[in-house]
Enquirer: 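First the structure, which I've put down as structure tokens, then a few questions once you've had a look.
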There are 4 protein chains.
Amino acid sequence: MRSDSSRTFTELARRRQIVDGAIDVLADEGYAAASLAAIAQRVGISKGVISYHFAGKDELLSEVVASVLAQAGEYMGPRVTAARPGLEALRAYVRSNLDFIDGHRRGLRALVEVLRGSPPRAGEPAPYGPEREDAVTALARMLAEGQRTGELTEFDTRHAAVALRASIDAVTELLRTDPDLDVQSYATDLLRLFEQGLAR
Amino acid sequence: MRSDSSRTFTELARRRQIVDGAIDVLADEGYAAASLAAIAQRVGISKGVISYHFAGKDELLSEVVASVLAQAGEYMGPRVTAARPGLEALRAYVRSNLDFIDGHRRGLRALVEVLRGSPPRAGEPAPYGPEREDAVTALARMLAEGQRTGELTEFDTRHAAVALRASIDAVTELLRTDPDLDVQSYATDLLRLFEQGLAR
Amino acid sequence: MRSDSSRTFTELARRRQIVDGAIDVLADEGYAAASLAAIAQRVGISKGVISYHFAGKDELLSEVVASVLAQAGEYMGPRVTAARPGLEALRAYVRSNLDFIDGHRRGLRALVEVLRGSPPRAGEPAPYGPEREDAVTALARMLAEGQRTGELTEFDTRHAAVALRASIDAVTELLRTDPDLDVQSYATDLLRLFEQGLAR
Amino acid sequence: MRSDSSRTFTELARRRQIVDGAIDVLADEGYAAASLAAIAQRVGISKGVISYHFAGKDELLSEVVASVLAQAGEYMGPRVTAARPGLEALRAYVRSNLDFIDGHRRGLRALVEVLRGSPPRAGEPAPYGPEREDAVTALARMLAEGQRTGELTEFDTRHAAVALRASIDAVTELLRTDPDLDVQSYATDLLRLFEQGLAR
DNA sequence: CATGAATGAGAGTTCATTCAT
DNA sequence: CATGAATGAACTCTCATTCAT
């Protein structure tokens, strides 16, 4: 993979444009309908351009995932960092994550489509499995920090992290069928549940 | 849809065999690779046989889902019914559900593949969305029952049900990357978390 | 081809039943939709029965054609024979033919479907070409007879026969789009046209 | 449907080439044998190319029909227009139509194959039924014009038009079994028949 | 840089036919 | 006699990819 800095400005702009088009198609029509032809049409370019700028469909979809994850990181990072380590950081994490999900529905929808649609390849880890694992691990670390500060009781941090991440991720799916879901309220309830459930 | 009783013994056996083959392929190679050709090859029959016994791929995949859900129902049903309504029933639900997941990994893997892979059709509800919704609703009812018995405090039962179902479902995904996961232990932790989190 | 007399009564009844079913499907749904499965379903038997009673689909369709042609012959034959040779016989031919077409729309529709749908085989005469040719020849003979009696002038009888047969056959097609067509009136006009056109 | 002018020169050439190949296969082997594979093989390209240039088989076959009809129009139009309205125009119509049929046997053969082979779709008019109807109507109008000029007597113009069109169309079928048919002579006989039959 | 054109593999589906029971 | 079951070939169509221009 070439780094961003090795690319010209125009090239980066084209890639950005294509990735955005892919997100649009994925969000609106789903993984199966997100053919290169459909994406090219949405962007208003020819299929060849995509092949020219991306090694293949896989790289394009990776870029979609990376793009959304990067945005999420940019949004959540400062908020979590600003919080006091431990319970407060956990709250910031959950709140900012759900805020982000609520505010970037299309991007999240596209992300989930790629995660769900990508076929596993024999002999390789599940597609985007490492990313998931990293997220769980990071969350487990925050919970452990809460234990260290004494705000949280003893429990298996990985198990709790798995449950919490799943509970957060469920919202994207939920929003599809119920766009009027009050995400803020869900965040509050989720935090109350986990705080009380994991409190000392 | 014809009923089981309108089918001959041989036909039911073939359908069963094909459904099992589909589950195998789905579990091992994922949704995208589960072509009729692949399934037929796995079973050792020709593609035409599948078309002969099923109206189409959709019906076959529906049968895969129905089959696993029916098995789950058979396993969980008696255990939940036997328990005292309220908290005890909730415990039976979570335990038996995770037990079932642990004991039917391939079936669950296949189920998830179908749920994830099935492309949405314009103007229709998300594929198997109703089934998901039903599961959440059933769980919410159990939580409400716990509130009525006084074992659980007041909270949004739907929100909690969403989180709990997501936390349970996460296990199937988890088992793919970590087959050694101690599901029993996860069940215990999950129950502790939710019981304490939702207790009066 | 076995003769009728070499068949048991039951067998003949079954063949009749299947041929009638084929006519129904052909008339209602067209050649392309007239699969053995569709015909078997319409009759209420299994596909195998058809294969048992007919050497193949070709023989079945031949039988459909033969059946309708035989009916037409039974209807028209006596009427034409009863007429005085020459112009009167010609009138009887055209009238009774159009009468028959008008009264056996489904059979004619089926007949036309088979004639149109049957794919030509390399090295063989056009399907049912001989039957068509026979019909033209017969008609040409009647016209020649009219010339001999002096009722008709000199002209190429084959050319006129071709035109007349085509003008008659056109009615079946016409009836499809315009079921209210007044066939009697068409017959009258057609006869006037040809009589005057070919009169001495 | 895109217009010709929105297509590149190369694309138009390819479409032309494919349409010609389709005509060849249709004329030589009939509708049933005119699969995309057969057409592609005849042209010497891969099946995909056809799908690339045509939305589907239907569009290709429509193009075959349109192509032949357009050629016919180009040939007949000026000849009919140049003639004095009434009987003379009618003569020009019949003569030029049969001339065209005689000179474009393969195209006509292909046209007839498509017309005959195209399966009817439930709820829609018969395939290319409107085109047929238009042809009959146009002919009826010419006959009516002949009545207005006093060259023709009173009769049902639609009935006569149906018969005349059928008599003309019969030639294509006839040419298949009898390639040596003298079309000119047939045209002469047909005109004499109809002129005398419809004359005042 | 970008395009249009072409490829070829693979998808699901249909269907006439065969055969053991 | 009749059936249900199975076959295997052929069908149209889709799509990621490649390539000459």
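None of these values were measured; they are calculated from a predicted model. Within every chain, numbering begins at 1; the chains are lettered A, B, ... in the order of the sequence lines, protein sequences first and strands thereafter.
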Enquirer: For nucleotides 13-16 of chain F, tabulate all protein N/O to nucleotide N/O atom pairs closer than 3.5 Å, reporting atom names and distance.
Expert:
| unit_1 | atom_1 | unit_2 | atom_2 | d |
| --- | --- | --- | --- | --- |
| F:dC13 | OP2 | D:Lys57 | N | 2.9 |
| F:dC13 | N4 | D:Lys47 | NZ | 3.3 |
| F:dA16 | OP1 | A:Lys57 | NZ | 2.7 |
| F:dA16 | OP2 | A:Leu36 | N | 2.9 |

Enquirer: What stem regions, each of at least 3 consecutive Watson-Crick or G-U pairs below 3.5 Å, can be found for DNA chain E?
Expert: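 Counting only runs of 3 or more consecutive pairs, the stems involving DNA chain E are E:2-21 with F:2-21.
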
Enquirer: Measure CG/B:Leu61 against C1'/E:dG12 and give the value in whole Å, please.
Expert: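 Between C1' of E:dG12 and CG of B:Leu61: 12 Å.
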
Enquirer: Could you tell me which non-hydrogen atom of B:Ala40 sits nearest to which non-hydrogen atom of B:Ser46, and how far apart they are?
Expert: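 So the two residues come closest at CB-C, 3.8 Å.
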
Enquirer: On the nucleotide F:dA6, are OP1 or OP2 found under 4.0 Å from the side-chain N or O atoms that B:His53 carries?
Expert: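 Result: yes.
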
Enquirer: Determine, step by step, whether B:Ile39 and B:Leu26 satisfy the side-chain contact (heavy atoms from CB on, under 4.5 Å) criterion, reporting the C-alpha distance in whole Å, the side-chain angles of both residues, the deciding distance to 0.1 Å, and the verdict.
Expert: CA-CA 9 Å; B:Ile39 294 167; B:Leu26 284 162; over 6 Å; no

Enquirer: Who pairs with C:Glu131 by side chain to side chain donor-acceptor pair (under 3.5 Å), at least two apart in sequence or on another chain?
Expert: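 Side chain to side chain donor-acceptor pair (under 3.5 Å) list for C:Glu131, sorted by chain: empty.
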
Enquirer: Partners of A:Gln17 by side chain to side chain donor-acceptor pair (under 3.5 Å), sequence neighbours excluded?
Expert: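 With neighbours one apart ignored, the set is A:Arg14.
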
Enquirer: Just how far, in rounded Å, is P of E:dG4 from CZ of D:Arg15?
Expert: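 So the two atoms are 16 Å apart, to the nearest Å.
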
Enquirer: For D:Phe54 and E:dA5, give me the distance from atom CZ to atom P, rounded to whole Å.
Expert: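 After rounding, the gap between these two atoms is 12 Å.
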
Enquirer: Is any side-chain nitrogen or oxygen of A:Arg14 closer than 4.0 Å to OP1 or OP2 of E:dA2?
Expert: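 Result: yes.
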
Enquirer: Can you measure B:Ile18 atom CD1 to F:dA5 atom C1' for me and round it to whole angstrom units?
Expert: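 Those two atoms, CD1 and C1', are 11 Å apart.
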
Enquirer: What residue pairs, at least two apart or across chains, pass salt bridge (charged side-chain N to carboxylate O under 4.0 Å, His left out) with a residue in residues 47-56 of chain A?
Expert: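 Those involving residues 47-56 of chain A do not exist here.
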
Enquirer: C:Arg109: which residues meet the salt bridge (charged side-chain N to carboxylate O under 4.0 Å, His left out) condition with it, sequence neighbours left out?
Expert: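 Partners of C:Arg109 by the salt bridge (charged side-chain N to carboxylate O under 4.0 Å, His left out) criterion, ordered by chain and then number, come out as C:Glu113, C:Glu173.
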
Enquirer: To the nearest Å, give me how far apart CG (D:Leu12) and C1' (E:dG4) are.
Expert: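 Going from CG in D:Leu12 over to C1' in E:dG4 covers 13 Å.
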
Enquirer: According to side chain to side chain donor-acceptor pair (under 3.5 Å), who are the partners of C:Ser67, at least two apart in sequence or on a separate chain?
Expert: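 So C:Ser67 forms a side chain to side chain donor-acceptor pair (under 3.5 Å) with C:Arg16.
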
Enquirer: Would you please name every residue forming a salt bridge (charged side-chain N to carboxylate O under 4.0 Å, His left out) with B:Arg42, sequence neighbours left out?
Expert: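 B:Arg42: salt bridge (charged side-chain N to carboxylate O under 4.0 Å, His left out) contacts with B:Asp28, B:Glu29.
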
Enquirer: Kindly point out which of E:dT3, F:dT7, E:dT7 is positioned nearest to the side chain of B:Val49?
Expert: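 Given the options E:dT3, F:dT7, E:dT7, the side chain of B:Val49 is closest to F:dT7.
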
Enquirer: Measure the distance from CD on A:Gln41 to P on E:dT3 and round it to the nearest whole Å.
Expert: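 My rounded result for the distance is 14 Å.
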
Enquirer: If the condition is side-chain contact (heavy atoms from CB on, under 4.5 Å), which residues does B:Pro130 pass it with, not counting sequence neighbours?
Expert: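 Expected list: none.
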
Enquirer: For the pair made of CG in B:Leu60 and P in E:dT13, what is the distance, rounded to whole Å?
Expert: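 From B:Leu60 CG to E:dT13 P: 10 Å.
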
Enquirer: Tell me: CD1 of D:Ile50 to P of E:dG8, nearest whole Å?
Expert: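 In whole Å, E:dG8 P and D:Ile50 CD1 are 14 Å from each other.
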
